[in-house]
Amino acid sequence: MTISVLFFDVGGVLLSNGWDRASRRHCIETFGLEWEEFQDRHEFVSESFETGEMTIDDYLDRTVFYRARSFTRQEFVEGMHSESYVLPGTLDFVSKLRERYLLATLNNESRELNEYRIERFGLRNVFELFVTSAYVGVKKPHREIFQIALDITQRQPNEAVFIDDRPMNLDGAKEVGIHTIQFHGPDQLASALAQLGVE
């Protein structure tokens, strides 16, 4: 069966990682906070934040604004946003596939950060569907998020490809029978897709 849908991770493939360990650390140090204390609090609530059980205000109440700060909540959110940027080449390449394939993102991210990144970087102009952990309540690499993606798009596993930079995130896709590609750059991605007949 021919490929008809491509699912893309966002952070590390299309954009920088929005709120991973490195971006969190940079933001925390920029605001002069104590990293270990923040990280302990983050780890305690991160699952709820990324699966939509907790809003960004709830998250910040638990991780940053549980005491008085010299900066505002809005300033900190803007600091979080500043960690996001486009990775060179991938979006341009993916945009050229839009006319022939159903394009969707499939990522782990909080609702508010995901929606900021969709809007800020014009992802609606490229992708028709956004399967995000905060929307569906389950994260990669659990196979359930991949099954949900197939159910929503009404595709069979062998019609789908999932692209992610992290090997562990490919595991759940493989378990449901989706073709997988570990991303190393736009040229490598183009070559790997071509091997699956996607050009």
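Any value given below was found using the heavy atoms of this structure, including those in side chains, with hydrogens, waters and symmetry copies removed.
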Taking the side chain as everything from C-beta on, heavy atoms only, tell me whether [X] gets closer than 4.5 Å to [Y].
X      : Y      : value
Val138 : Thr51  : no
Asp151 : Phe146 : no
Val64  : Phe71  : yes
Val77  : Leu60  : yes
Arg124 : Phe130 : yes
Asp9   : Phe183 : no
Thr63  : Val45  : yes
Phe121 : Ser84  : yes

Between [X] (side chain only) and [Y] (backbone N and O only), is there a donor and an acceptor less than 3.5 Å apart?
X      : Y      : value
Ser16  : Tyr85  : yes
His179 : Leu196 : no
Arg155 : Thr153 : yes
Gln188 : Gln182 : yes
Glu99  : Lys96  : no

Does this structure show an ion pair linking [X] with [Y], if we count only N-O contacts that are shorter than 4.0 Å?
X      : Y      : answer
Glu199 : Arg100 : no
Arg67  : Glu37  : yes
Arg73  : Asp61  : yes
Glu83  : Arg24  : no
Glu47  : Lys139 : yes

Could you tell me which non-hydrogen atom of [X] sits nearest to which non-hydrogen atom of [Y], and how far apart they are?
X      : Y      : result
Ser110 : Ala134 : C-CB, 3.8 Å
Leu150 : Ala160 : CD2-CB, 4.0 Å
Leu106 : Lys140 : O-NZ, 3.4 Å
Gly79  : Cys27  : C-SG, 3.8 Å
Leu87  : Gly12  : CD1-C, 3.5 Å
Ile181 : Leu170 : O-CD2, 3.8 Å

Find out if a path of hydrophobic residues (ILVMFWY) with successive side-chain heavy-atom gaps under 4.5 Å connects [X] to [Y].
X      : Y      : answer
Ile148 : Ile178 : yes
Trp35  : Phe44  : yes
Leu15  : Val131 : yes
Ile56  : Tyr135 : no
Val5   : Leu91  : yes

Both conditions, 6.0 Å and 45 degrees, for the charged tip of Arg69 above the ring of Phe76: are they met here?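 Relative to the ring axis of Phe76, which defines the angle, Arg69 lies outside at least one limit.
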Could you tell me whether Arg41 sits above the aromatic face of Tyr66, with NZ or CZ closer than 6.0 angstrom to the six-membered ring centre and within 45 degrees of the axis?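 The answer is yes, since Arg41 meets both limits relative to Tyr66.
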Working to the nearest 0.5 angstrom, can you tell me the gap between [X] [atom1] and [Y] [atom2]?
X      : Y      : atom1 : atom2 : result
Leu129 : Leu103 : CG    : CG    : 10.5 Å
Thr105 : Phe8   : OG1   : CZ    : 10.5 Å
Trp19  : Phe49  : CH2   : CZ    : 8.5 Å
Glu43  : Gln39  : CD    : CD    : 4.5 Å
His26  : Asp20  : NE2   : CG    : 12.0 Å
Ser133 : Arg111 : OG    : CZ    : 10.0 Å

Taking atom types as modelled, is there a side-chain donor on Glu109 or Tyr116 under 3.5 Å from an acceptor on the other?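 Judged by distance alone, the side chains do not pair up.
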Answer yes if the ring centres of His42 and Tyr59 are under 6.0 angstrom apart, and no otherwise.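 Yes - the distance between ring centres of His42 and Tyr59 falls below the 6.0 Å cut-off.
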Centroid-centroid under 6.0 Å between Phe162 and Phe7 rings: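 No, they do not, as the ring centres are separated by 6.0 Å or more.
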List the steps and the verdict of side chain to side chain contact (heavy atoms under 4.5 Å, CB included) for His81 and Leu113. CA-CA 7 Å; His81 289 171; Leu113 187 55; 4.0 Å; yes
Would Tyr101 and Glu159 satisfy side-chain hydrogen bond (donor to acceptor under 3.5 Å, both in side chains), going step by step from the backbone distance to the final call? CA-CA 10 Å; Tyr101 302 94; Glu159 294 180 84; over 6 Å; no
Verdict with reasoning, Thr132 to Asn107, per side-chain hydrogen bond (donor to acceptor under 3.5 Å, both in side chains): CA-CA 5 Å; Thr132 302; Asn107 65 320; 3.0 Å; yes
Applying side-chain hydrogen bond (donor to acceptor under 3.5 Å, both in side chains) to Asp58 and Thr55, what does each step give before you reach the verdict? CA-CA 5 Å; Asp58 295 332; Thr55 68; 3.2 Å; yes
